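Not measured: the values here are computed from a predicted model.
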Amino acid sequence: MRLDRVTSTQDIARDKIVKGADPGLLIVAKTQTDGRGRYGNKWHSLDGGLYLTAVFRLKKRVCLLPILAGVAVAEAIEYFAGIESELKWPNDVLIGGRKVGGVMAESAWSGGEPEFVLLGIGVNLNNPPPENIPDTTSLCLELGRTIDIEGFLNNLIERLDYNLQLLDADPEELIRSWRRLSLTLGKEVDVEDESGEFVRGLAIDIDQDGALVLMTESGQKRVISGSLRSRYS
Ligand code: BTN
């Protein structure tokens, strides 16, 4: 479903699914007035960017959806624009160390099982990246030309579909793709986990749930979700 101006594609998708829309729903908007990122951050959503939410009703491997989506965005950038990008755990897509896109997953649970997952993806294409946020970029800035938004979207949808099949058939292959694209592995990092605690260590891997595995002074630790801080370049 293509829309012009929405509050957030996440809100529109949630509303539609609660009212009985089919799974497989895809909401794409030209602009968002209330776009958001993880941890309640604002996601600047001017005209020219790509803003979408895809709805999934998966029972298994839900934790890998952000990993799957990050890989799909990086692959679409490579196939469509011919530029290499990198992934910063858990959800940032960067070009030359500057953020070009982000992924978030919001899920609704019922009886201990995920009822649906709203996978939100934002990519700076022709929109100016936010001036007040350092180290951001757009595909247009990187390439020096305007991007065909529809072409990029189609490419991204193909990559998402393909990676969704992999999630079922060969999730390890998805994890291998993430490892190849990772900017995080092999770095000394500080990670703020969901409870606000900082874990410091060497990022050595992600596991089958997409959790970051760190080698810390007190041994190996896994962080299921969080954000990377300092000591990171
Ligand atoms: C992040 O990097 O923190 C995640 C950003 C996710 C932004 C997308 S844009 C489409 C969808 N709708 C929103 O309000 N947010 C996500």
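Note that the CG atom of L212 and the CG atom of D193 stand 11.5 Å from one another [nearest 0.5 Å].
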>> Please evaluate residues V73 and I77 with respect to the criterion side chain to side chain contact (heavy atoms under 4.5 Å, CB included), reporting the C-alpha separation (whole Å), side-chain torsions for both, the decisive distance (0.1 Å), and the verdict.
In response: CA-CA 6 Å; V73 173; I77 290 175; 4.0 Å; yes
> So D11 and R36, salt bridge (charged side-chain N to carboxylate O under 4.0 Å, His left out) or not? Walk me through it.
Replying inline: CA-CA 10 Å; D11 297 340; R36 57 178 185 273; 3.0 Å; yes
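L87 places a side-chain heavy atom less than 4.5 Å from the side chain of V71. The closest side-chain heavy-atom distance from H44 to I133 is below 4.5 Å. Taking the side chain as every heavy atom from C-beta outward, L153 and R2 approach each other to under 4.5 Å. Looking only at side-chain heavy atoms (C-beta outward), E115 and I17 stay at 4.5 Å or farther from each other. W178 is listed as a side-chain neighbour of L185, based on a closest heavy-atom distance under 4.5 Å. Proximity of I27 to L3: side-chain heavy atoms (C-beta onward) are separated by under 4.5 Å at one or more points. The side-chain heavy atoms of I121 and L50, taken from C-beta on, include no pair separated by under 4.5 Å.
A search for side chain to side chain contact (heavy atoms under 4.5 Å, CB included) contacts involving L46 returns N127, P128, not counting sequence neighbours.
Counting only distance, with no hydrogens or angles, the side chain of N124 and the backbone of S138 share no donor-acceptor pair below 3.5 Å.
Side chains of S182 and R179: no donor on one and acceptor on the other come within 3.5 Å.
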